[in-house]
Amino acid sequence: MEQPPKMNPVVEPLSWMLGTWLSDPPGAGTYPTLQPFQYLEEVHISHVGQPMLNFSFNSFHPDTRKPMHRECGFIRLKPDTNKVAFVSAQNTGVVEVEEGEVNGQELCIASHSIARISFAKEPHVEQVTPSCLVCAEVCGVNLFLFREITRKFRLNSEGKLEQTVSMATTTQPMTQHLHVTYKKVTP
């Protein structure tokens, strides 16, 4: 049997994110202009020995288990720094780069740039993070008013991965929008 690849030392500061994670309990969403909602999510974060992590996020409706938002991509660290880039491609036709920093077992990132397929539904997205698309698919939210979005991952004292997404729109100040806690199911 082939040995798994050795982790590239550049991404060692992100090793706490590795594994398969399931939302436990379901993720919760809220915003001043929305009805509260829940969602399930499965996250896979791995490496193949390159100086980056690979990821996929797959969300599901909590009652029907119907697939919802999907995204996959890479998490890169700028060598010899704590600067991080989170690059994702989404099933909605959106490609995004988020940038930020890792400090210990916490990763904070914010939208940096976004692109979309030419035949995406109008109105066109100007700025959004992948987790907010869960809300759109659960609540039918119009994503196209978002002005600024931030995301934070952290490993809590129980060894669970948490993700918090906050956003500001043209009518609302920066407010927490999504929070989900994941239980690790495979290393």
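Because the structure is predicted, anything quoted here is derived from the model rather than measured.
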>> Using every non-hydrogen atom in the two residues, find where G29 and L178 come nearest and quote the distance to one decimal.
In response: CA-CD2, 3.7 Å
> Under the 3.5 angstrom rule, does the side chain of T175 hit a backbone N or O of P173 as a donor-acceptor pair?
Replying inline: yes
>> Test question: given the 4.5 Å side-chain rule for I, L, V, M, F, W and Y, name all other residues clustered with F74, or answer none.
In response: M52
> Does F55 share a hydrophobic cluster with L22, counting links as ILVMFWY side-chain heavy atoms below 4.5 Å and allowing steps through other members?
Replying inline: no
> Okay, side chain of H177, backbone of T30: is any donor-acceptor separation there less than 3.5 Å?
Replying inline: yes
>> Minimum heavy-atom separation for Q176 and Y31, please, with both atom names.
In response: O-CD1, 4.2 Å
>> Testing the basics here: between S23 and V180, what is the closest heavy-atom pair and its distance to 0.1 Å?
In response: CB-CG2, 3.6 Å
>> Using side-chain heavy atoms (C-beta onward) and a distance below 4.5 Å, is S15 in contact with M7?
In response: yes
> Under a 4.5 Å side-chain heavy-atom rule over Ile, Leu, Val, Met, Phe, Trp and Tyr, are I45 and W16 clustered together?
Replying inline: yes
>> Could you measure the distance from the CD atom of Q38 to the NE2 atom of H61? Nearest 0.5 Å is fine.
In response: 10.0 Å
>> Under the criterion side-chain contact (heavy atoms from CB on, under 4.5 Å), I'd like the reasoning laid out for F153 against F86: C-alpha separation, chi angles, the key distance, then a yes or no.
In response: CA-CA 12 Å; F153 292 95; F86 187 94; 4.2 Å; yes
> Which value, rounded to the nearest 0.5 Å, describes the distance between N58 atom CG and H69 atom NE2?
Replying inline: 9.0 Å
>> What I'd like to find out is whether the side chain of R154 reaches to under 4.5 Å of the side chain of Q105, using heavy atoms alone.
In response: no
>> side-chain contact (heavy atoms from CB on, under 4.5 Å), that's the test. Do N103 and N82 meet it? Break it down for me.
In response: CA-CA 7 Å; N103 291 297; N82 67 340; 3.0 Å; yes
> Do K83 and E99 pass the salt bridge (charged side-chain N to carboxylate O under 4.0 Å, His left out) test, and can you show the C-alpha distance, the side-chain angles, and the key distance before you say yes or no?
Replying inline: CA-CA 7 Å; K83 305 295 182 203; E99 292 186 357; over 6 Å; no
>> Would a single hydrophobic cluster contain both L18 and L77, if residues Ile, Leu, Val, Met, Phe, Trp and Tyr are joined by side-chain heavy-atom contacts under 4.5 Å?
In response: yes
> Do E42 and T20 have side-chain atoms, one donor and one acceptor, less than 3.5 Å apart?
Replying inline: no
> Taking all non-hydrogen atoms of both residues, which atom of Y39 and which atom of S59 are closest, and how far apart?
Replying inline: CD1-CB, 4.5 Å
> Does R70 make a cation-pi contact with F60 (under 6.0 Å, within 45 degrees of the axis)?
Replying inline: yes
> What's the spacing between I109 CD1 and K152 NZ if we round to 0.5 Å?
Replying inline: 12.5 Å
> Do E162 and N156 have a side chain donor and acceptor closer than 3.5 Å?
Replying inline: yes
> What distance do S166 atom OG and H179 atom NE2 have between them, rounded to the nearest 0.5 Å?
Replying inline: 11.0 Å
>> Is there a path of hydrophobic side-chain contacts, each under 4.5 Å between heavy atoms, that joins V87 and V102?
In response: no
> What pairs of residues pass the salt bridge (Lys or Arg N to Asp or Glu O under 4.0 Å) test when at least one of them lies in residues 10-26, not counting sequence neighbours?
Replying inline: D24-K160
> Can you tell me how far the NE2 atom of H47 sits from the CD1 atom of I75, to the nearest 0.5 Å?
Replying inline: 13.0 Å
>> Which heavy atom of E98 sits nearest to which heavy atom of R151, and what is that distance?
In response: OE2-NH2, 2.7 Å
> Do M17 and L155 belong together in a cluster built from hydrophobic side chains that touch within less than 4.5 Å?
Replying inline: yes
>> Between H44 and S56, do the side chains contain a donor N or O and an acceptor N or O under 3.5 Å apart?
In response: no
>> Taking the side chain as everything from C-beta on, heavy atoms only, tell me whether V84 gets closer than 4.5 Å to L107.
In response: yes
> Looking at Q163 and Y182, what are the two nearest heavy atoms and their distance?
Replying inline: NE2-OH, 2.8 Å
